[in-house]
Amino acid sequence: MASTSDGDRPWQSYHTVFTNAKAGMDGVDKEKVQKTVYEMSKGSKYFENEQRKEAFIKQKIENLRAQCAQITANDISYFQTIADKKMSELEASRDLSKIWLHSDMDAFYASVETLVDPSLNGKPLAVGSMSMICTANYMARKFGVRAAMPGFIARKLCPELIFVPPDFKKYTFYSELTRKVFPKYDPHFIATSLDEAYINVTEICNERGISGGEVAEELRNTIYEETGLTCSVGVAPNRLLAKVCSDINKPNGQFVLPNDRRAVMTFISSLPIRKIGGIGKVTESMLREVLGISTCEEMVHKSAHICALFSHSSSDFFLSVGLGLGKTDTPQFKMRKSISSERTFSATEDESLLYQKLDEIAETLSNDMHKEDLSGRTLTLKLKTASFEVRTRAVSLQKYINSKQDILSHASKLLKAELPLSLRLMGRKPCLTPRQLLNHCLYLEQMVASLVYMILIYA
DNA sequence: ATACATACC
DNA sequence: CACTGGTATGTAT
């Protein structure tokens, strides 16, 4: 376990997400990046909060381990029966008749900025600020700079790094250009963000008698002609696998996984679970440290343990991943379930300033809701303290609301109720720790059933 | 229904 | 100096 002591290399135990294998990060000196990120973060409030979160996750893993140790041979045979039944049901649902593309623009925001200002060409570029980077171009990634990294750390890793502030109008414009291409291949394509989409090309392939790979080639060329931007594409029998595939030959590349069960199983057999959308840092650690699972195939090997330790929805998901399954249908209509607005500002203990911030957020939220003719009846206030601790407080109302005044009055009540509480929490160390609120955010949430009601009112 | 955590871009 | 913002979903109570 402890083959190296943290005393010698403390940065090794700081589990940032910044050193994961990611497209364009091949030749990066991970040790150096890890060390720099650690050095820049250590001692900060943010860092301390991360340590707290890590300790919590470690505890969760310990609990799971203990649970795992209690499982008897009898239990295992019982859960193996459950797992086998689940897997045969899943297997029966396997659909290899569809060909899905996942299209993913390469370093999208950075590429758009370079397209608009060619003088940026050939330079390491980050879109974002000293606080946060949205996207880094491939040259910057060579230094370990990447999305979700704070800019001041990125500049340490790459002093030449050029920063460009985000301009979502531009990205939306180019996103719309790409979205004019997709319908030629699938009128019901699914856009998941400004730079990503799923395209069902089954019919086009049949009509024109060409392969998914050929469609992908053509689509990438068309997107380049229409936008001047490159993208990468994955081709696979389902959306989950197509997404994994689009990352394989990034940038400006594609990868085809044929519609063949053997090919899928071979692909899955060595695929690290972290490559799967929905399996992040925490889930990866849990599965690896409790059950020794690191590849998708091992989900099947440990299926009994998975069913014994995890909920139905989790175990169903893990087993389907182990079998290389994913969604193959096009959901008819995706309705939004929530709308939110949040803003980070420098920590303050001034209550009138907090109410002023709340006012601004309520205004933004109300405007956003009116744009889409939405209203909701569950309002959530989100607060982040100066120590990065996040709290949420919610109320469900009798009526649906969307006016600034309604939002503000209910949110203010929620905030008011918190202010003495944060004072009490800090009560142990009087004067020294003011009730600072770094950040507060406002959510208006809508229940699924409520949305139907809303449409009746507003549509 | 509420609170909190995880994940994705 | 400086660690986002928007949405969905899972887990626990």
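Per chain, numbering begins at 1; letters A, B, ... match sequence-line order.
The CZ atom of A/Phe152 sits 6 Å away from the P atom of C/dC3 (whole-angstrom rounding). Between the CZ atom of A/Arg336 and the P atom of C/dA8 there is a distance of 7 Å, given to the nearest Å. As a whole-Å value, the separation of A/Tyr46 OH from C/dC1 P is 17 Å. At whole-Å resolution of the value, CZ in A/Arg146 and C1' in C/dT4 are 15 Å apart. Between the CD atom of A/Glu54 and the P atom of C/dC3 there is a distance of 19 Å, rounded to whole Å. Taking atom OH on A/Tyr171 and atom P on C/dG5, their separation rounds to 16 Å, with Å as the unit. Here the P atom of nucleotide C/dT9 and the CZ atom of A/Phe310 are 21 Å apart, to the nearest Å. Taking atom CE on A/Met286 and atom P on C/dG10, their separation rounds to 14 Å, with Å as the unit.
At C/dT4, none of the side-chain N or O atoms of A/Ser131 fall inside 4.0 Å of OP1 or OP2 (strictly under the cut-off). Between A/Ser340 and C/dT7, a side-chain N or O to OP1/OP2 separation shorter than 4.0 Å is present. Between A/Ser346 and C/dC1 there is no side-chain polar atom (N or O) within less than 4.0 angstrom of OP1 or OP2.
Among the protein residues, A/Thr135 comes within range of no part of the nucleic acid, since none of its heavy atoms lies under 4.0 Å from any strand.
Proximity note for A/Arg343 (side chain, C-beta onward) versus C/dC3, C/dG5, B/dA1: the nearest is C/dG5. The side chain of A/Ile339 lies closest to C/dT7 when the candidates are C/dC3, C/dG6, C/dT7. Each of C/dT4, C/dG10, C/dG5 was ranked by its minimum atom distance to the side chain of A/Glu342; first place goes to C/dG5. Each of C/dA2, C/dT7, C/dC3 was ranked by its minimum atom distance to the side chain of A/Arg155; first place goes to C/dA2. Of the candidates C/dA2, C/dT4, C/dC3, the closest approach to any side-chain atom of A/Met130 belongs to C/dA2.
Interatomic distance, OG of A/Ser285 versus NZ of A/Lys60, reported as 10.5 Å (0.5 Å rounding). A distance of 7.0 Å separates CE of A/Met149 from CD1 of A/Ile133, quoted to the nearest 0.5 Å.
Comparing the C1' positions of C/dT4 and B/dA7 gives a spacing of 15 Å, expressed to the nearest Å.
We find that A/Glu62 and A/Arg65 are joined by a salt bridge, their nearest charged nitrogen and carboxylate oxygen being less than 4.0 Å apart. Residues A/Glu342 and A/Lys382 are paired through a salt bridge, judged by an N-O separation under 4.0 Å between the basic side chain and the carboxylate.
Between the side chain of A/Ser41 and the base of C/dC3, at least one donor-acceptor pair of N or O atoms lies under 3.5 Å.
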Which letters describe nucleotides 3-9 of chain B, given B = protein heavy atom under 4.0 Å from base, S = only from sugar-phosphate, - = neither? SS-SSSS
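Closest non-hydrogen pair, A/Ala411 versus A/Leu379, comes out as N-CD2, 3.5 Å.
Here the side chain of A/Asn238 pairs a donor or acceptor atom with the backbone of A/Gly324 at under 3.5 angstrom.
For the 3.5 Å distance criterion, the side chains of A/Asp106 and A/Ser232 qualify, holding a donor opposite an acceptor.
When the salt bridge (Lys or Arg N to Asp or Glu O under 4.0 Å) test is applied to A/Glu48, no partner is found at least two apart in sequence or on another chain.
Sequence order on DNA chain C of the closest nucleotides to A/Val37 and A/Thr364 puts A/Val37 first from the 5' end.
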